[in-house]
Amino acid sequence: MSGQRNIYKPLKARLTEVIEESPLIKTFVLIPEEDFSFSTGQFIELSVDGIGEAPFTPSSSPLIHDRLEVTVMKTGYVTEIMHNLIPGVFMGIRGPYGRGYPVERFFGKEVLILGGGCGLAPIRSLLYALEHVKDNLEKVILCYGSKTPADCIYKPLFNRLNSIDKFEAYRTVDKGDEEWDGPVGVAPTLLNNVSVNVTNSVAVVCGPPVMMKYGTLKILEMGYKDEQIYLSMEKNMSCGLGKCGHCMMGEFFVCKDGPVFTYNEIKDQPNIWD
Ligand SMILES: Cc1cc2nc3c(=O)[nH]c(=O)nc-3n(C[C@H](O)[C@H](O)[C@H](O)COP(=O)(O)OP(=O)(O)OC[C@H]3O[C@@H](n4cnc5c(N)ncnc54)[C@H](O)[C@@H]3O)c2cc1C
Ligand code: FES
């Protein structure tokens, strides 16, 4: 967690680099004025002075405290302004907030990860954390889908993962182009070809709501139990602190009780896929 820091007060962070990941997605490299710690899967509120703030899950390694990467998809008012920022400006970071991935509970197991679109941002942070503890894991399999080859983010990540012992990474696209010679189909179709020992495995799902829903159903079909499936939930948020009620999902505050839940914890709550 955050040690001595006041999690209510934004920490100033200098934007040092903006990486264009896809036509709609950019990664912001930030150097905080003091070290910033988070657990993988926790989120921050990132602000632009005088404009507003929005919740994001850092995409960088939780083991690095003097540099933070946040991957942002342009979807509306605040994210559009963020996309126009240039290196040198200061941003604000509140947090970290919520409950991330319980990495120790994955020890001794295979970890099957299903991601789609910008959902690879939190997953990349998780992959860094898993790489650090890989001696305690059986294997890690990433299945990722993007709409088109151009929409795929962190392209070099896939070759890198495939070069690490115990790691496997697969990509698909909904629609190919003239250069694409890989699989075509939505992200969960990749699960048809993976080899996992379901009883000694956990599954992690992160992506757009429709992929979360059908990906989870597919993983259940493969024989996973509800409590073996970890979902990173995104609900509209405001305070991030369990106070305003914006993020309520049935009886849970997604900002405080999540954003990472097991399917078992939330499956009976209303509108979980909205
Ligand atoms: C815990 C958490 C982690 C997230 N991590 C990331 C991340 O790593 N990268 C990333 O690009 N996005 C992430 N998001 C989504 C991001 O917060 C929204 O895209 C952002 O708040 C939109 O702000 P805006 O002002 O640009 O859009 P607005 O102008 O407010 O809205 C534009 C559109 O975005 C939708 N939207 C607004 N807020 C959210 C929200 N909180 N979640 C989902 N949709 C929203 C609106 O319904 C609307 O359709 C995360 C959201 C949560 C709750
Ligand atoms: S965002 Fe305010 S209670 Fe969760």
Side-chain angles (χ1 to χ4, degrees), residues 1-3 5-101 115 117-126 128-129 153-154 206-208 232-244 246-247 253-256 258-260:
M1 288 288 288
S2 58
R5 278 205 57 253
N6 176 356
I7 60 165
Y8 298 88
K9 195 174 155 214
L11 170 66
K12 273 173 80 176
R14 194 160 59 85
L15 177 64
T16 56
E17 194 183 348
V18 179
I19 302 163
E20 206 156 318
E21 305 283 2
S22 80
L24 283 180
I25 300 177
K26 289 183 177 178
T27 295
F28 296 85
V29 182
L30 296 158
I31 306 293
E33 281 198 324
E34 54 190 71
D35 278 5
F36 183 82
S37 306
F38 65 96
S39 302
T40 184
Q42 283 191 303
F43 72 97
I44 59 164
E45 289 281 347
L46 183 65
S47 55
V48 182
D49 210 13
I51 299 294
E53 62 178 7
F56 301 98
T57 310
S59 55
S60 50
S61 168
L63 302 158
I64 297 172
H65 306 299
D66 57 358
R67 181 179 190 273
L68 187 75
E69 291 185 31
V70 184
T71 300
V72 176
M73 179 153 79
K74 186 161 69 171
T75 56
Y77 179 65
V78 174
T79 49
E80 175 147 16
I81 286 167
M82 286 178 178
H83 269 236
N84 291 330
L85 294 177
I86 51 168
V89 300
F90 282 86
M91 301 182 83
I93 299 170
R94 279 202 292 131
Y97 299 123
R99 184 177 63 159
Y101 294 105
C118 202
L120 193 54
I123 290 174
R124 187 175 70 163
S125 172
L126 174 64
Y128 286 129
I153 61 175
Y154 316 138
C206 187
S232 184
M233 304 305 288
E234 276 192 17
K235 292 281 166 192
N236 280 326
M237 287 188 184
S238 184
C239 68
L241 297 162
K243 305 232 179 282
C244 70
H246 269 79
C247 65
F253 290 97
V254 175
C255 68
K256 199 157 66 82
V260 176

Task: Heavy-atom side-chain proximity of Val72 to His83 below 4.5 angstrom - done: yes
Open item on the list: Checking Ile25 against Met73 for the side chain to side chain contact (heavy atoms under 4.5 Å, CB included) test, could you report, in this order, the C-alpha distance in whole Å, the side-chain angles of both residues, the deciding distance, and whether it holds?
Closed with: CA-CA 4 Å; Ile25 300 177; Met73 179 153 79; 3.9 Å; yes
Open item on the list: A side-chain contact here means heavy atoms from C-beta on lying under 4.5 Å apart; do Tyr101 and Cys206 qualify?
Closed with: yes
TODO: Evaluate the side chain to side chain contact (heavy atoms under 4.5 Å, CB included) criterion for residues Tyr154 and Glu21: first the C-alpha distance (whole Å), next the side-chain angles of each, then the deciding distance (0.1 Å), finally the verdict.
DONE: CA-CA 6 Å; Tyr154 316 138; Glu21 305 283 2; 3.5 Å; yes
Open item on the list: Quick check against the 3.5 Å criterion: does Thr16 have a side-chain atom that pairs as donor or acceptor with the backbone of Val29?
Closed with: yes
Open item on the list: Any non-hydrogen side-chain atom of Ile44 less than 4.5 Å from a side-chain atom of Phe38?
Closed with: no
TODO: Could you tell me whether the side chain of Met237 reaches within less than 4.5 Å of the side chain of Tyr97, counting heavy atoms only?
DONE: no
Open item on the list: Between Thr40 and Leu126 (side chain of the first, backbone of the second, donor and acceptor by atom type, cut-off under 3.5 Å), is there such a pair?
Closed with: yes
TODO: Using atom types as modelled and distance alone, determine if a side-chain donor or acceptor of Ser39 lies under 3.5 Å from a backbone N or O of Gln42.
DONE: no
- [ ] Side-chain contact test, heavy atoms from C-beta onward, threshold under 4.5 Å: evaluate it for Met82 versus Ile51 and give yes or no.
- [x] no
Open item on the list: Run Ile64 and Glu69 through side chain to side chain contact (heavy atoms under 4.5 Å, CB included) and show every step you take.
Closed with: CA-CA 10 Å; Ile64 297 172; Glu69 291 185 31; over 6 Å; no
Task: Side-chain heavy atoms of Phe43 within contact of Pro122, under 4.5 Å - done: no
Task: Ser37 vs Pro96 side-chain heavy atoms within contact, under 4.5 Å - done: no
Open item on the list: Does Leu46 form a side chain to side chain contact (heavy atoms under 4.5 Å, CB included) with Leu30? I'd like the steps, not just the answer.
Closed with: CA-CA 11 Å; Leu46 183 65; Leu30 296 158; 3.8 Å; yes
TODO: Please answer whether the main-chain N or O of Pro10 pairs with a side-chain N or O of Arg94 as donor and acceptor at a distance below 3.5 Å.
DONE: no
